[in-house]
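What follows is a short report on a single structure.
Below, chain A is the first sequence line, B the second, and so on; all start at residue 1. The model shown is predicted, which means the values in this text are computed figures rather than measured ones.
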Protein chains: 2
Amino acid sequence: MSKDRAPTRIQKKNRAAILEAALNVFSSHGFRGATVDQIATEAGLSKPNLLYYFPTKEAIHTALLSGLLETWLAPLHELDANGDPMEEILAYIRRKLEMSRDLPRESRLFANELVQGAPRIQDSLSSDLKILVDEKTAILVGWMDQGKIAQLHPYHLIFSIWALTQHYADFDVQVRAILGDEDPFEGAEPFVDTLYRKLLMP
Amino acid sequence: MSKDRAPTRIQKKNRAAILEAALNVFSSHGFRGATVDQIATEAGLSKPNLLYYFPTKEAIHTALLSGLLETWLAPLHELDANGDPMEEILAYIRRKLEMSRDLPRESRLFANELVQGAPRIQDSLSSDLKILVDEKTAILVGWMDQGKIAQLHPYHLIFSIWALTQHYADFDVQVRAILGDEDPFEGAEPFVDTLYRKLLMP
DNA sequence: CGTGAGTTTGACCAGATGGTCAAATCAAGA
DNA sequence: TCTTGATTTGACCATCTGGTCAAACTCACG
C-alpha cells in the first residue's frame with residue numbers, strides 16, 4: 001500500500017466499491033453476520049485483494065460508520081435557530097423521513113449497531129451526537145420559552161422524531177407486511193406532518 | 001429425548017433455562033452473533049447437553065420467537081372496542097411502553113430480526129400480525145367515523161405507537177447517551193401521553 | 001521499452017463454531 | 001435393589017471464516 005501519496009485511480013475506485021459493498025452487506029446482516037468474502041465478491045474483488053485495501057473486517061466497518069455519521073446527522077445540523085420554529089422542525093422531520101426513504105441501508109447500518117449496544121460507536125454517541133443534540137435542543141427550548149411552540153421535553157421530542165422516521169427504514173419488512181402494496185412514505189409524510197403540527201402547536 | 005410423553009421435571013427446568021439464556025444471547029448479539037456455546041454456558045449446560053434439548057441453534061431461535069410473539073402482541077389484543085376510545089388507545093400505549101421498560105430483551109430480539117429483514121418470521125408477520133392489526137385498526141376507524149378520535153391513517157397511527165415505544169428498548173444505548181443519568185421512562189411516559197392526547201383529540 | 005511501485009491472487013493457516021456420537025451417569029418406578 | 005429410559009459428557013469432525021504470504025501480474029512514467 002502506498003505510504004501517504006495521493007490515492008491512485010485504482011485505489012479510489014476500489015475503496016469506493018468496497019465501502020458500497022460493505023454497506024449492503026453490513027446493513028442487511030449486521031457486523032457479525034457479514035463475511036469478508038461476501039463483501040469482496042459484491043465489490044468484485046478477491047478476498048486477499050480486499051484486505052489489501054482495508055487491513056481487517058473491523059476496519060471496513062469503522063471506515064463505513066465514521067464516514068456515514070456525518071451524513072446521518074446532517075439533517076439535524078441544518079436546524080436553524082433563525083428560521084420559523086414550526087417550519088424548521090417540520091422541515092427537519094421531512095428531511096429525516098426522506099433519508100429513511102432514500103438511504104435505508106444507512107439507517108439499518110446504524111440500527112444494527114445500536115440494537116446490539118453500539119459496541120463500536122458508543123464513543124461517538126456520547127461525544128459528537130450528544131453535543132449536537134444539546135446544541136439543537138437549546139434552540140428548541142428557546143422557542144418553547146418564547147411560546148413559539150408547545151412546552152415539551154426536548155430530548156423526548158428529538159427521540160420521537162428519530163423513532164418515527166427511522167422506523168420506516170429499519171422495520172421496513174414489518175411496515176410492508178401490514179401495508180401491502182401501499183407505498184409507506186405516501187402515507188407517512190402527511191401523517192408525521194399532522195402529528196407534529198398538532199403536537200407543537202403552542 | 002422422550003417421544004411424546006409429558007415433559008419430566010428436568011426437561012422443564014432445562015428447556016426453560018435454555019430459552020432464558022438464549023433470550024439474553026440472541027437479543028444482544030443477533031442470531032448470527034450468538035454462539036451455541038455461549039447459550040449453553042449461560043444456561044449452565046454443556047453444548048452437547050443443550051443440543052439434546054434443541055436439535056439446532058435455529059430451533060432454539062424459532063422456539064424463542066414463536067413463544068414470545070404472543071407476549072409481544074398481547075397489549076394490542078387487549079384493545080377493547082367497547083371501552084372509551086381515547087382511554088383505550090392511551091392504555092395500549094402505556095402497556096407498550098411498560099413492555100419496553102420491563103422486557104427490553106424481547107424487544108431487541110424482535111428488532112434484531114426485523115432490521116435484518118425478518119428472515120425467520122416473515123410468515124408470522126403477514127399472517128398473525130397482519131390479521132391482528134387489521135382487526136384492531138377496524139376498531140380505530142370505527143371510532144374515527146364516530147368522531148370520537150381524530151381522523152388519521154390507522155396503520156401509520158399503529159406504526160407510530162410501535163416506533164415511539166419500542167425505541168426506548170431497542171435504542172437504549174443512544175437514549176442513555178443523550179439523557180445521561182435521567183431515567184428514560186420517567187420522561188417518556190408523560191411525553192407520549194401528551195403527544196397522543198393532542199394527536200387524537202377530534 | 002524498461003523498471004519499480006502498485007495491484008492481484010492461489011494456496012494456505014489457525015481458530016471458531018455448529019453439530020455428532022458412543023459411552024458413562026443418573027433417576028424413578030417395579 | 002434392579003432395570004430401563006432419561007440425561008450428561010468428552011472427544012471428535014467438517015466447515016466456515018478472518019487473515020497471511022510469496023509470487024505473479026499490471027500500470028505509469030522516465
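Of all nucleotides listed (dG18(C), dT17(C), dT7(C)), dT7(C) comes nearest to the side chain of Asn49(A). The side chain of Arg9(B) sits closest to dA28(C) out of dG19(D), dT20(C), dA28(C). When the nucleotides dG6(C), dG10(D), dA27(C) are ranked by their closest atom to the side chain of Pro48(B), dG10(D) comes out on top. The side chain of Thr56(A) has dG19(D) as its nearest neighbour among dT7(C), dT9(C), dG19(D).
Using a 4.0 Å heavy-atom distance criterion, Ala59(B) is classed as making no nucleic acid contact. Residue-level contact check: Ala40(A) touches neither bases nor backbone, having no heavy atom under 4.0 Å from any strand.
The side chain of Arg32(A) places no N or O atom within less than 4.0 Å of a non-bridging phosphate oxygen (OP1 or OP2) of dA16(C). Between Thr8(A) and dT7(C) there is a side-chain polar atom (N or O) within less than 4.0 angstrom of OP1 or OP2. In terms of phosphate contacts, Asn14(A) brings a side-chain nitrogen or oxygen within less than 4.0 Å of OP1 or OP2 of dT8(C). Contact annotation: Tyr53(B) reaches the phosphate of dT8(D) (side-chain N/O to OP1 or OP2, under 4.0 Å). One finds no side-chain N or O of Tyr52(B) lying less than 4.0 angstrom from the OP1 or OP2 phosphate oxygen of dT8(D). The shortest distance between the side-chain N/O atoms of Gln11(A) and the OP1/OP2 oxygens of dG6(C) is not below 4.0 Å.
Between the side chain of Lys57(B) and the base of dG19(C) there is no donor-acceptor pair of N/O atoms closer than 3.5 Å.
As rounded to whole Å, 12 Å separates atom C1' of dT8(D) from atom CD1 of Ile18(B). Here the P atom of nucleotide dT26(D) and the NZ atom of Lys13(A) are 14 Å apart, to the nearest Å. Residue His29(A) contributes atom NE2, which lies 15 Å from atom C1' of dT17(D) at whole-angstrom precision. Rounded to a whole Å, the CG atom of Leu50(A) is 15 Å from the P atom of dT17(D). Distance, Leu51(B) CG to dT7(D) P: 15 Å, rounded to whole Å. Put simply, CD1 on Ile60(B) is 13 Å from C1' on dT17(C), counting in whole angstrom units. Here dG6(C) presents its C1' atom at 15 Å from CG of Leu45(A), a figure rounded to the nearest Å. Straight-line distance from the NZ atom of Lys47(B) to the P atom of dT17(C): 9 Å, rounded to whole Å.
Between His153(B) and Phe191(A), the distance separating the two ring centers is not shorter than 6.0 angstrom. Checked against the 6.0 Å centroid criterion, the rings of Tyr92(B) and His77(B) do not qualify as a close aromatic pair. Remark: aromatic rings of His156(A) and Tyr168(B) are close, center separation under 6.0 Å.
Atoms NE2 and CG, from His61(A) and Asn112(A) in turn, are 7.5 Å apart once rounded to the nearest 0.5 Å. The distance from the CG atom of Leu164(A) to the CD1 atom of Ile93(A) is 8.5 Å, given to the nearest 0.5 Å.
Between Asp37(B) and Ile10(B), the residue anchored closer to the 5' end of DNA chain C is Asp37(B), taking for each the nucleotide with the nearest heavy atom.
Counting heavy atoms of neighbouring residues, nucleotides and ligands inside a 6.0 Å radius, atom CD of Glu87(A) exceeds 12 of them.
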